[in-house]
Amino acid sequence: MRNEVRKAVMDALAPLLSRAGTDKAALPYIAIEVPEDKFGDFSTNVAMVCTKFLKIPPRKIAEELLPTLKENQLFSAVSIAGPGFINFSVKPERWIEDFRSIPDDNSEYGSLPPVLGEKVLIEFVSANPTGPLHIGHGRGAAVGDSLARLLKKAGYDATTEYYTNDTGLQMENLGRSTLVRYRQLMGMDATLPENCYQGEYIKDIAREIVDRDGNRYMDMPETEALPFFTTYTAGNILEDIKKDLAHFRIGFDTWASEKFFHESGAVEQTIQKLREQGSIYEKDGALWLKTQYLAGDEKDRVVKRANGITTYLAADIAYHDDKYRRGFTRIIDIWGADHHGYVARMKAAAKALGQNPDSLQPMLIQIVSLKKGGEVVAMSTRSGKFTTLKEVVDDVGVDAARFTFLTRSHEAQLEFDLDLTKQQSSENPVYYVQYAYARISNIFKTAQARGVEPFPENPAWHRLTVDDEIKIMKRALFFPALVEDAAKGLAPHQTTHYLVELAGLFHKYYNVNRVVTDDLELTGARLAMVARLRTVIKNGLELLGVVAPETM
RNA sequence: GCGCCCGUAGUUCAGUUGGAUAGAACGCCAGAUUGCGGUUCUGGAGGUCAGGGGUUCGAAUCCCUUCGGGCGCACCA
């Protein structure tokens, strides 16, 4: 529908453009919006936006467009208002005509035609296998997964990936942590170094090794035992991470490993390539990437240390090179907000690799603060004192957790209220939306119990005259536009707001209107309507990875 | 000290690449509700968009500045 309005506007604008001798490629973005009710169904700022361009006052442009727009059969009314807005009312029969094309069988709806020439990679979570996922990872997971669903729905070729940092100094620290705990369990007087991982889960893993292999590693020198402990611990933790993610309904299309890029020689090759090409130079025995020159970074960054060991950044450059080689044209990296200093570095890397830096889109997820019993729960990472994703999900459930993570823009800090999220009442948006779905499902059960034909061949659409019915149909029909907007804006949280609004319209309607009545014709029409509403709610929840329940 | 992000109703947050009288939920106040299924609905109060300056037809949105909060400033990852 919105696209039809856009086309009508563009068509009307065409003569003015050719008269001015300009083509529409140079045109600024023209908004087709859904305004407040009183202004009609759609509005556009086209006249204001084109003022500078055409050197004509906004109201004058609007007046020139008006006759053409009024001829369009889509509209029942077109008017100029305020500084130069053009407001449209769409003919009621056109709304119904469009609305009836929504499937009434809960099937696919809202998918947009394929976007050609774009291949998107979304990398997210990518937590180091040094400990369990915490609540912040959960937010990143929910955002990344929902974004992937959204982009796919919007017609993009999108792939999800998890990058494991399974090598390097932190991995050694991890292995040493387990080794020390192991020795302690074997009765040895060993103390855990500062830079080691203090969490209880390390002890559990050490205990597993004791049960498995007994004292086998006690006599070994550390250099010999360490690799085993590192590999075992990381593998063990990664399995737990995968389990937690699976339970949170997060799946990845592909898994990438830092170790692989080192072992395959890709890291060295990439460094070599960039060095020959002039983006890397040598200073103080180390190799530096010109991040300052390439992307305005504060300073240049080391990719290979003086001791010959490559840095994390080096591997990440090789990894991103690999992403581009695999044919991705857009690379979305979802990171914690504490990585913002890393953005310039990777933009520089993209540029050095010969790519457009704009094709790399890091999304920084702001922190989550946990609130319990009205108080904010303190969290610190390394010390092992943090709330795990698993704890939260076990407490509030997968649906509520996912939905809550997606109620806020990813770039706003989020307060996660455990008590509220756990509550199964209308105060909790996720239940409010799910309840709307369950209610509709129940209406059909009622209809069935009363022997009413739930899907009449030709619903009497003209019987749907209640104000709220029209509102519901219009809002439901906005769904494809929502998919388009949210995908374009990388803003999956818009889906939750939309669903809450849609559910609100329905609850209000339900409260004053009965669907199943003795009036069979009206009943048939209303059933046809709520069936289509159900489709939209289900497909919306699907974008969030939240279940649409038949019963609560 | 330098850099990045943020500051919107009592609270948590939206605000569609600058648009019409800044919205929602929760909370609060007042009411409705024997009905398909409970966890329902209606109305109301509530704002210096942190403060100040600028850009223009028009600013919560863009620029400068002050204040307040978060984060980052490694040859760690």
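Chain naming here is simple, since letters A, B, ... match the order of the sequence lines and numbering starts at 1 in each.
Checked against ring pair (Phe, Tyr, Trp, His ring centres under 6.0 Å), A/Y437 has no partners two or more places apart in sequence or in another chain.
Across the C1' atoms, B/C4 and B/U11 are found 28 Å apart, a figure rounded to whole Å. Nucleotides B/C26 and B/C41 are separated by 8 Å at their P atoms, to the nearest Å. Spacing of P atoms, B/C36 relative to B/G44, comes out at 30 Å, to the nearest Å. Comparing the same atom, C1', in B/C29 and in B/A22 gives a spacing of 23 Å after rounding to whole Å. Taking atom C1' on both nucleotides, B/A30 is separated from B/A45 by 10 Å, rounded to a whole Å. B/G70 and B/C13 have their P atoms separated by 15 Å, given to the nearest Å. Comparing B/G46 with B/C62, their P atoms sit 29 Å apart, to the nearest whole Å. For the P atom pair drawn from B/G1 and B/C63, the interatomic distance equals 23 Å after rounding to whole Å.
The side chain of A/R408 approaches B/U12 more closely than any other nucleotide in the set B/C36, B/G15, B/U12. Side-chain proximity of A/E258 to B/U12, B/G15, B/A77: nearest is B/A77. Side-chain proximity of A/E36 to B/G23, B/C75, B/C36: nearest is B/G23. Taking only side-chain atoms of A/S409, from C-beta outward, the nucleotide of B/C36, B/A14, B/C75 with the closest atom is B/A14. Here the nucleotide nearest the side chain of A/A412, chosen from B/A14, B/C75, B/C5, is B/A14. Listed candidates were B/G38, B/A77, B/C75. Nearest to the side chain of A/K299 is B/C75. Distance from the side chain of A/H493 is smallest to B/A14 among B/C75, B/A14, B/C41. Comparing B/A14, B/A77, B/C75 by their nearest atom to the side chain of A/R345 picks out B/A77. With B/U40, B/C36, B/C13 as the choices, the nucleotide that has an atom nearest any side-chain atom of A/N442 turns out to be B/C36. Looking at the side chain of A/T311, the nearest of the listed nucleotides B/G37, B/C73, B/C75 is B/C75.
In this structure, A/F444 reaches neither bases nor backbone, as no heavy-atom distance under 4.0 Å exists between it and the strands shown. When heavy atoms are screened at a 4.0 angstrom cut-off, A/N307 is found touching no nucleic acid atom at all. Residue-level contact check: A/L414 touches the backbone only, with heavy atoms under 4.0 Å from sugar-phosphate atoms and none from bases. Counting any heavy atom pair closer than 4.0 Å across all strands shown, A/I443 reaches a base atom. At the heavy-atom level, A/N513 lies under 4.0 Å from base atoms of the strands shown. The residue A/T517 sits apart from the nucleic acid: no heavy atom pair falls under 4.0 Å.
Taking atom CZ of A/F416 as the reference point, atom P of B/A25 lies 21 Å away to the nearest angstrom. Taking atom NE2 of residue A/H410 and atom P of nucleotide B/C5, one finds them 13 Å apart after rounding to whole Å. Straight-line distance from the OH atom of A/Y498 to the P atom of B/C13: 25 Å, rounded to whole Å. The separation between A/Y342 atom OH and B/G3 atom P is 23 Å, rounded to whole Å. Between the CG atom of A/L505 and the P atom of B/G23 there is a distance of 17 Å, rounded to whole Å.
Salt-bridge check for A/E484 with A/R2: passed, with a basic side-chain N closer than 4.0 Å to an acidic carboxylate O. With salt bridges taken as basic N to acidic carboxylate O contacts below 4.0 Å, none links A/R408 and A/E415. A/K323 has a carboxylate O that lies under 4.0 Å from a charged side-chain N of A/D333, or vice versa, which qualifies the two as a salt bridge. Using a cutoff of 4.0 Å between basic side-chain nitrogens and carboxylate oxygens, A/D316 and A/R345 are not scored as salt-bridged. A salt bridge is absent between A/D419 and A/K372: the closest approach of a Lys/Arg side-chain nitrogen to an acidic carboxylate oxygen does not fall below 4.0 angstrom.
When Watson-Crick and G-U wobble pairs are counted only if both distances are under 3.5 Å, B/A30 pairs with B/U42. Figure legend. B/A9 is base-paired to no nucleotide; pairs are counted as Watson-Crick or G-U wobble with both atom distances under 3.5 Å. Nucleotide B/U21 forms a pair with no other nucleotide shown, judged by Watson-Crick or G-U wobble geometry with both contacts under 3.5 Å. Using N1 to N3 plus N6-O4 or O6-N4 for Watson-Crick, or N1-O2 and O6-N3 for G-U wobble, each under 3.5 Å, B/C36 pairs with nothing. Pair assignment for B/G72: B/C2, on the basis of Watson-Crick or G-U wobble contacts that are both within less than 3.5 Å. In this entry B/U55 has no Watson-Crick or G-U wobble partner, no candidate having both defining distances under 3.5 Å.
Looking at which nucleotide of RNA chain B each of A/K283 and A/G82 is closest to, the 5′-most match is held by A/G82. Along RNA chain B, the nucleotide nearest A/Y312 and the nucleotide nearest A/Q413 are compared for position; the residue whose nucleotide lies closer to the 5' end is A/Q413.
A/K508 has no side-chain polar atom (N or O) that falls below the 4.0 Å cut-off from OP1 or OP2 of B/G43. Between A/H507 and B/U42 there is no side-chain polar atom (N or O) within less than 4.0 angstrom of OP1 or OP2. Listed pair A/Y432 / B/C41 meets the phosphate criterion, a side-chain N or O lying under 4.0 Å from OP1 or OP2.
Side-chain atoms of A/R301 and A/Y342 form no donor-acceptor pair, as typed in the model, at a separation below 3.5 Å.
Residue side chain A/K38 reaches the base of B/U21 through a donor-acceptor N/O pair under 3.5 Å, judged by distance alone. With hydrogens and angles ignored, no donor-acceptor pair under 3.5 angstrom links the side chain of A/H340 to the base of B/C5. Counting distance only, with no hydrogens placed and no angle test, the side-chain atoms of A/S43 and the base atoms of B/A20 include a donor-acceptor pair under 3.5 Å. If you check distances only, the side chain of A/N87 does reach the base of B/A20 with a donor-acceptor pair under 3.5 Å.
Taking CD1 of A/I443 as the reference point, atom CZ of A/R514 lies at 9.5 Å (rounded to 0.5 Å). Between atom OH of residue A/Y312 and atom CG of residue A/N165 there is a gap of 4.0 Å, rounded to the nearest 0.5 Å.
Stacking between A/Y510 and B/C36 is present: the aromatic ring centre lies within less than 5.5 angstrom of the base six-membered ring centre, and the two planes differ by under 30 degrees.
Two rings, from A/F405 and A/H493, have their centers 6.0 Å or more apart.
Under a 3.5 Å cut-off, the side chain of A/S146 and the backbone N or O of A/V143 do not form any donor-acceptor pair. The backbone N or O of A/A127 sits less than 3.5 Å from a side-chain atom of A/Y162, completing a donor-acceptor pair.
The stretch residues 480-489 of chain A has no heavy atom under 4.0 angstrom from RNA chain B at all.
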